[in-house]
Amino acid sequence: MNIIIVDDHPLVLHGLTAVIAGQGDMNLIGEAQAGNEAVGLITKSNPDVVLLDLRLKDMSGLEIIRRCREKDSACKYIIFTASVDRADFRRARELGVDGYILKEAFPEEVISAIRLVYRGRKYYDPSIIDSMMCIIEDDGNLEEKLTSRELEVLTALGEGLNNKEIAKKLYISEYTVKKHVSQVLAKLKFADRTQAALYAQEKIITAQKRDPNRKSSISSRSLEQE
């Protein structure tokens with residue numbers, strides 16, 4: 001896979017270059033330390049994956065992504081940053097970044113994230129997820145507040161599905177999906193879909209993997225009318 005690194009810290013650039021150079025399936029084709037330079041390099045080289053800092057001296061990494069996409073750049077983007085700011089993470093999610101890694105991550109985590117993103121998966125640093133989870137009020141088993149259908153929609157959000165995909169999976173209309181999503185957010189006091197998805201990933205999907213019987217017990221709850 002062809003990779004470009006965008007970061008204005010020489011030590012970070014050197015470290016990432018050294019890590020990537022040791023991987024037989026990765027080819028570093030360029031580096032940039034400024035916003036306009038990065039946009040030009042990305043749109044000209046059309047890499048598979050771009051690993052970029054959130055905050056450069058002259059431009060936000062998210063602004064670089066926005067400009068490149070306006071020029072029809074189809075590569076995948078991974079934010080590599082020291083920031084654990086929830087607002088930054090939310091904006092990155094809204095922009096559709098493919099990965100979000102903290103600079104404190106181990107080299108093997110970075111490499112694993114790049115490979116996952118290259119294959120079409122999303123990767124979010126566990127520390128970011130932990131930070132997001134801290135703002136969710138844990139007053140017991142929150143999903144017990146939901147109907148079975150709402151719980152299915154919440155689980156689907158955790159799987160990364162959009163409204164159209166949820167509608168197809170559950171055999172309901174997109175309008176109904178939107179209604180259930182709104183109800184889930186209201187009942188669980190989530191600010192947005194990101195919090196709901198992270199909650200589902202952490203609390204529901206992980207629990208189902210540990211205890212397969214949990215899924216069947218949830219399914220057995222009586223479905224309420226749409």
Side-chain angles (χ1 to χ4, degrees), residues 3-9 12 15-16 32 35 38-39 42 49-70 73 75-138 142 153-163 165-166 181-182 184-186 188-206:
I3 299 173
I4 284 176
I5 301 174
V6 180
D7 200 299
D8 55 8
H9 294 85
V12 174
L16 288 174
V39 173
I42 293 168
V49 178
V50 177
L51 193 63
L52 73 167
D53 193 6
L54 184 65
R55 293 188 177 89
L56 302 177
K57 293 178 181 178
D58 64 335
M59 190 181 299
S60 162
L62 299 181
E63 176 64 14
I64 292 173
I65 295 173
R66 188 188 67 78
R67 293 190 183 186
C68 288
R69 285 183 171 163
E70 285 181 349
S73 172
C75 62
K76 300 179 184 300
Y77 296 92
I78 300 176
I79 295 294
F80 189 63
T81 179
S83 171
V84 293
D85 185 83
R86 298 185 187 109
D88 288 336
F89 178 69
R90 184 176 295 111
R91 285 193 291 270
R93 288 266 299 188
E94 290 171 350
L95 193 57
V97 300
D98 303 280
Y100 203 102
I101 309 175
L102 296 183
K103 289 185 176 180
E104 63 188 35
F106 292 108
E108 55 267 29
E109 293 179 77
V110 176
I111 294 302
S112 176
I114 292 174
R115 288 188 176 124
L116 283 172
V117 166
Y118 175 70
R119 294 169 185 159
R121 301 283 297 278
K122 300 284 188 180
Y123 180 87
Y124 301 115
D125 193 297
S127 296
I128 290 290
I129 295 179
D130 288 342
S131 177
M132 291 294 293
M133 290 299 296
C134 286
I135 65 175
I136 298 175
E137 180 184 2
D138 187 2
L142 293 184
V153 170
L154 175 60
T155 303
L157 288 175
E159 294 171 353
L161 304 184
N162 58 36
N163 286 353
E165 292 167 334
I166 295 174
V181 170
S182 296
V184 168
L185 298 183
L188 303 189
K189 301 178 182 178
F190 293 151
D192 52 34
R193 293 170 66 105
T194 297
Q195 288 187 16
L198 291 174
Y199 177 86
Q201 291 170 6
E202 180 72 16
K203 298 293 186 180
I204 300 177
I205 297 175
T206 300

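For the single chain, residues carry numbers from 1 onward in sequence order.
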Q: Would you mind reporting whether L188 and L154 have side-chain heavy atoms less than 4.5 Å apart?
A: yes
Q) Does some side-chain heavy atom of Y199 sit less than 4.5 Å from a side-chain heavy atom of V184? A) no
Q.
Determine whether I78 and Y123 satisfy the following criterion, side chain to side chain contact (heavy atoms under 4.5 Å, CB included), listing intermediate values before the conclusion.
A. CA-CA 8 Å; I78 300 176; Y123 180 87; over 6 Å; no
Backbone of [Y] reached by a side-chain donor or acceptor of [X] within 3.5 Å:
X    : Y    : result
E165 : N162 : yes
K122 : V97  : yes
E63  : S60  : no
D98  : Y77  : yes

Looking at [X] and [Y], what are the two nearest heavy atoms and their distance?
X    : Y    : value
A105 : V110 : CB-CG2, 4.3 Å
R93  : A197 : NH2-CB, 3.9 Å
I42  : C75  : CG2-SG, 3.9 Å
D7   : L56  : CA-CD2, 3.9 Å
A200 : T155 : CB-CA, 4.3 Å
L157 : R193 : CD2-NH2, 3.2 Å

Q) Checking salt bridge (Lys or Arg N to Asp or Glu O under 4.0 Å) for the pair R55/D88: CA distance, chi angles, key distance, verdict? A) CA-CA 10 Å; R55 293 188 177 89; D88 288 336; 2.5 Å; yes
Rounded to the nearest 0.5 Å, how far does [atom2] of [Y] lie from [atom1] of [X]?
X    : Y    : atom1 : atom2 : value
I114 : R119 : CD1   : CZ    : 12.0 Å
L62  : I79  : CG    : CD1   : 5.0 Å
I166 : N163 : CD1   : CG    : 5.5 Å
L52  : T81  : CG    : OG1   : 9.5 Å
I3   : L16  : CD1   : CG    : 10.0 Å
I65  : L95  : CD1   : CG    : 5.5 Å

(Q) Can you tell me if R66 has over 12 outside heavy atoms packed within less than 6.0 Å of its CZ? (A) yes
Q) Where do E104 and D125 land on the side chain to side chain contact (heavy atoms under 4.5 Å, CB included) test, with the steps shown first? A) CA-CA 10 Å; E104 63 188 35; D125 193 297; 5.5 Å; no
Q | Pair V6-F80, side chain to side chain contact (heavy atoms under 4.5 Å, CB included): steps then yes or no | A | CA-CA 9 Å; V6 180; F80 189 63; over 6 Å; no
Q: Might you work through the side chain to side chain contact (heavy atoms under 4.5 Å, CB included) test for H9 and K103, ending with a clear yes or no?
A: CA-CA 12 Å; H9 294 85; K103 289 185 176 180; 4.0 Å; yes
